**Q** 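Once you've had a glance at the structure underneath, I'll fire off some questions.
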Amino acid sequence: AKLLYAFVMSHRNNPVWHGDYLKLAEIIKLNMEQPNRYIKRHINTYVKELQKLQILDTENTGWKTRQTILLWRNPESLP
């Protein structure tokens with residue numbers, strides 16, 4: 001979850017990121033050789049962890065399609 005946190009916080013000017021979950025998996029250095037369902041499971045776990053810490057918004061963050069995920073940072077999460 002640390003790399004997902006760093007990725008989310010690196011987008012200071014734009015609190016929203018959306019894109020292909022496989023691209024996100026590459027960015028946060030997940031093992032790309034495992035089946036896609038495990039990649040999605042890891043991403044879901046990391047997203048939920050950041051939602052509990054109130055880094056990501058619980059209402060707007062989630063899957064838009066089977067391929068596309070939306071990460072919406074809480075405005076209060078910036079230092």
Side-chain angles (χ1 to χ4, degrees):
K2 288 180 184 179
L3 288 173
L4 181 59
Y5 171 80
F7 175 73
V8 168
M9 297 308 280
S10 71
H11 293 82
R12 292 189 174 273
N13 296 330
N14 187 3
V16 179
W17 182 87
H18 71 279
D20 188 280
Y21 77 95
L22 292 174
K23 181 65 177 170
L24 178 63
E26 286 179 20
I27 292 168
I28 62 174
K29 301 188 187 311
L30 289 179
N31 180 0
M32 300 303 291
E33 294 179 10
Q34 60 187 341
N36 288 347
R37 67 177 184 264
Y38 294 117
I39 293 172
K40 280 187 169 184
R41 188 178 300 163
H42 284 300
I43 291 173
N44 283 335
T45 301
Y46 298 156
V47 166
K48 287 178 184 174
E49 188 175 327
L50 293 183
Q51 286 174 329
K52 283 182 188 176
L53 296 171
Q54 298 181 343
I55 303 298
L56 291 176
D57 184 65
T58 56
E59 292 181 27
N60 296 316
T61 296
W63 295 93
K64 291 177 70 174
T65 67
R66 297 180 108 196
Q67 273 306 107
T68 306
I69 189 165
L70 175 70
L71 302 176
W72 195 293
R73 190 185 63 232
N74 266 334
E76 297 87 28
S77 66
L78 283 176

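As the structure is a prediction and not an experimental result, all values here were calculated from the model.
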**Q** Would you say the side-chain atoms of K40 pair up with the backbone N or O of Y21, donor to acceptor, closer than 3.5 Å?
**A** no

**Q** Would you give the length of the straight line joining atom CD of E49 to atom CG of L56, rounded to the nearest 0.5 angstrom?
**A**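 Atom-to-atom, E49:CD and L56:CG are 10.5 Å apart.
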
**Q** Output the distance between atom CZ (R66) and atom CG (N36), rounded to the nearest 0.5 Å.
**A** 11.0 Å

**Q** For R12 versus R73, what's the shortest heavy-atom pair and its separation?
**A**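 Minimum heavy-atom separation between R12 and R73: O-NH2, 3.4 Å.
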
**Q** Does any N or O in the side chain of D20 come within less than 3.5 Å of the main-chain N or O of L22, such that one atom is a donor and the other an acceptor?
**A**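 Present.
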
**Q** Is atom NE2 of H11 surrounded by more than 12 heavy atoms (other residues, nucleotides or ligands) closer than 6.0 Å?
**A**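 Yes, the 6.0 Å shell around NE2 holds more than 12 heavy atoms from other groups.
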
**Q** Identify the two heavy atoms, one from W72 and one from T61, that lie closest to each other, and give their separation to 0.1 Å.
**A** N-OG1, 3.0 Å

**Q** Which distance, rounded to the nearest 0.5 Å, do you find between the CG of L24 and the CG of L4?
**A**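 Reported value, rounded in 0.5 Å steps: 6.0 Å.
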
**Q** Hey, does I43 have a side-chain heavy atom less than 4.5 Å from the side chain of L30?
**A**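 L30 vs I43: side chains touch.
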
**Q** What's the spacing between I69 CD1 and K23 NZ if we round to 0.5 Å?
**A**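 Output value for this atom pair is 15.5 Å.
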
**Q** Quick check against the 3.5 Å criterion: does S77 have a side-chain atom that pairs as donor or acceptor with the backbone of N74?
**A**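 Yes; at least one donor-acceptor contact below 3.5 Å.
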
**Q** More than 12 non-hydrogen atoms from neighbouring residues, nucleotides or ligands closer than 6.0 Å to CD on Q54, yes or no?
**A**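 Count not over threshold, so no.
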
**Q** Taking the side chain as every heavy atom from C-beta outward, state whether Y38 and N31 have any atom pair closer than 4.5 Å.
**A**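 A side-chain contact under 4.5 Å is absent here.
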
**Q** Check whether any side-chain heavy atom of L71 sits under 4.5 Å from a side-chain heavy atom of L50, and report yes or no.
**A** no

**Q** Are the side chains of I55 and M9 in contact, using a 4.5 Å heavy-atom criterion?
**A** yes

**Q** How long is the gap from CD1 on I39 to CD on Q34, to the nearest 0.5 Å?
**A**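 One gets 5.0 Å once the value is rounded to the nearest 0.5 Å.
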
**Q** Once rounded to the nearest 0.5 Å, what's the spacing between atom NZ of K64 and atom CD of Q67?
**A**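 The distance works out to 13.5 Å.
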
**Q** With the 4.5 Å side-chain cut-off for hydrophobic clustering, are L70 and Y46 part of the same group?
**A** no

**Q** As a quick check of understanding, evaluate side chain to side chain contact (heavy atoms under 4.5 Å, CB included) for W63 and N44, giving each step before the final call.
**A** CA-CA 9 Å; W63 295 93; N44 283 335; 2.7 Å; yes

**Q** Test side chain to side chain contact (heavy atoms under 4.5 Å, CB included) on V16 and N60 and set out the steps.
**A** CA-CA 9 Å; V16 179; N60 296 316; over 6 Å; no

**Q** Return yes when atom CH2 of W17 has more than 12 non-hydrogen atoms of other residues, nucleotides or ligands closer than 6.0 Å, and no otherwise.
**A**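 More than 12 heavy atoms, drawn from other residues, nucleotides or ligands, come within 6.0 Å of this atom.
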
